[in-house]
Amino acid sequence: MQIFFNTILVGLSSGAIYALISLALVLVWRSTRVVNFAAAGQAILSTYIGYEAMTRMHNYWLSLPVAILAGALISALVEAIIMRPLAKRTKGTPVESIAPVIATLGVLGGIRSLAGLIWGNTFLQYTSPLSSKGYMVGHTTIPFSPQNAAIVVGAAVVLLLFAALFKFTRLGLALRAASFQPEISRLSGVRVDRVRTIGWAFAGAAGAVAGALVTPTTYLSPNSLDLLLVSGFVAAVIGGLESLIGAVVGGIVLGVGFAFILQYIGTSVTFSAAFIILLIVLLIRPQGIFGKGSSREA
Amino acid sequence: MTLIIEKLHVQHGAITAIDDLSFTINQGELVTIIGSNGAGKTTLLRALSGLLPVTAGRAEWKGKSILGERPEDLVRRGIVHVSEGKAVIPELSVAENLELGGIWRKDKLDVAAATAEVLELFPRLGERMKQGADTLSGGERQMLAIGRAMIARPELLLLDEPSLGLAPLIIDQIFAAVDALRHRLGLTVVLVEQNAMSALSIADRGIIINLGQLVTSGTPSDLLNDPALRSAYLGY
């Protein structure tokens with residue numbers, strides 16, 4: 001029984017990270033209908049910036065807002081400087097839907113190389129004052145550390161903030177309206193271009209939170225978040241790609257699922273499991289668990 | 001004269017959708033644009049609200065050009081377009097659709113007043129505020145679309161086929177509402193319709209266009225009493 005609960009805790013922690021990455025992908029998908037493969041690159045760059053802030057200020061907690069702001073800014077710039085002009089230039093051409101996706105791959109590669117140039121391809125330590133050693137329960141150490149707790153709490157805070165923003169603010173209404181019906185939104189006076197950039201900025205912030213929270217449990221290198229992108233993407237698809245709640249549930253489901261596979265089947269299959277889960281979801285319910293119908297919720 | 005259109009051209013790829021079109025509309029006038037499918041009616045409205053680029057010509061509202069402006073900026077200049085086909089956002093609630101109409105406005109008191117006026121005009125919307133717009137009937141959606149536009153406090157209302165797909169009884173209600181609104185608020189209205197009879201019944205003037213060009217314009221009775229026009233454009 002202890003093992004069962006431990007597995008759920010481990011799953012919650014990794015699931016919270018998947019949920020944040022998934023949220024970053026869903027926010028971008030909703031605002032511009034692009035699957036943003038650059039999300040991992042943007043998150044790693046913001047995490048490096050957080051790392052720089054930490055080494056200067058010697059305070060992990062103060063480095064978090066720096067990383068989050070950097071993530072939002074980087075993402076907004078990617079949208080305004082690359083994606084928006086690209087969308088305008090390819091509009092009505094055969095490459096209209098694929099060009100932006102390829103561009104995000106280009107951005108991912110570009111950011112990774114840039115990070116490699118600046119910080120080298122070595123493993124850096126972005127350390128948190130919280131221990132990454134598991135809590136003691138009785139005489140056994142469980143595989144859930146204070147940093148894991150911070151991850152779960154941090155992700156929950158971000159998710160609640162976004163939920164409240166989308167549900168209760170005018171900006172949230174503009175974000176939702178612009179994602180569902182950009183033309184009607186413009187005719188209602190919504191500055192859709194600006195709103196889209198803000199959507200990207202929020203996505204960048206979510207990715208930055210994921211990067212800055214998870215990196216202390218591992219290490220920092222130009223591609224240390226790449227595998228998370230895969231899991232985040234699978235989580236987003238499970239959740240239906242449209243729904244914020246779906247993104248979160250998808251992330252948690254995937255995290256817990258992985259933890260059980262890891263515990264009861266073995267390490268070797270975890271990664272393939274992501275793709276198997278993805279395929280099963282796509283075949284049985286291509287619109288995702290939360291796709292179509294309940295997307296209005298958040 | 002408040003809306004001046006002069007030698008307007010709109011190109012859709014190789015097709016000239018609006019061809020050398022000129023007309024003027026006076027303040028407070030309700031003018032209906034009549035024509036068959038593909039005559040360029042919708043294109044004309046989309047060009048006037050900034051959704052489509054204009055290739056050549058002039059379009060002025062209250063003495064200032066509206067060409068090259070974005071729809072979201074024209075809304076702020078009082079030009080509000082209710083696009084074709086029950087222009088609501090089905091994923092949002094009725095209340096949120098209405099809120100969207102005033103989202104850019106600073107005067108929140110007046111937004112509240114405008115919302116109250118809309119709910120008085122269309123009480124059925126008031127009963128369904130929390131429901132998703134996707135649960136509304138076709139007529140209710142059209143009421144919501146017009147209601148949302150009214151919350152922007154438009155001076156020039158561009159209405160594209162409000163009768164599309166609606167039952168005759170509902171069409172009468174919608175037109176009666178438009179008629180009441182424009183008299184009460186002194187709106188200038190450009191009403192695009194295929195349902196020429198209903199449109200002419202509330203219009204001050206009709207403009208008939210075909211293949212993007214002006215055929216003729218006149219008062220409703222002029223148009224209805226011309227047998228050639230009746231058979232060619234009014235469909236009976």
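Order of the sequence lines sets the chain letters (A, B, ...), proteins ahead of strands, with each chain counted from 1.
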Taking atom [atom1] as the centre, does [X] end up with more than 12 heavy-atom neighbours from other residues, nucleotides or ligands that are less than 6.0 angstrom away?
{"X": "A:R194", "atom1": "CZ", "result": "no"}
{"X": "B:K64", "atom1": "NZ", "result": "no"}
{"X": "A:R89", "atom1": "CZ", "result": "no"}
{"X": "A:L283", "atom1": "CG", "result": "yes"}

If we only count heavy atoms from C-beta on, is the A:F180 to B:L92 side-chain gap below 4.5 Å?
->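 The answer is yes; the side chains approach within 4.5 Å.
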Any side-chain heavy-atom pair of A:L187 and B:E72 under 4.5 Å =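 No, side chains not in contact.
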Residues B:E91, A:R176; criterion side chain to side chain contact (heavy atoms under 4.5 Å, CB included); working and verdict | CA-CA 9 Å; B:E91 293 89 346; A:R176 283 183 293 151; over 6 Å; no
Minimum-distance pair of heavy atoms, taken over all atoms of [X] and [Y]:
{"X": "B:S83", "Y": "A:I184", "value": "OG-CG1, 4.5 Å"}
{"X": "A:Q181", "Y": "B:P90", "value": "NE2-CD, 4.2 Å"}
{"X": "A:A177", "Y": "B:I89", "value": "CB-CD1, 3.7 Å"}

With a 4.5 angstrom heavy-atom cut-off, is it the side chain or the backbone of [X] that approaches chain A, or both, or neither?
{"X": "B:A152", "value": "neither"}
{"X": "B:V82", "value": "neither"}
{"X": "B:I103", "value": "both"}

Hey, does the side chain of B:R148 reach the backbone of A:S188 with a donor-acceptor pair shorter than 3.5 angstrom?
->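 No.
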Can A:R191 and B:D73 be said to form a side chain to side chain contact (heavy atoms under 4.5 Å, CB included), step by step?
-> CA-CA 8 Å; A:R191 297 196 188 281; B:D73 294 318; 2.5 Å; yes
In terms of side-chain geometry, is the basic nitrogen of B:R46 or A:E183 positioned less than 4.0 Å from the acidic oxygen of its partner?
->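 Here B:R46 pairs with A:E183 in a salt bridge, since their nearest N and O are under 4.0 Å apart.
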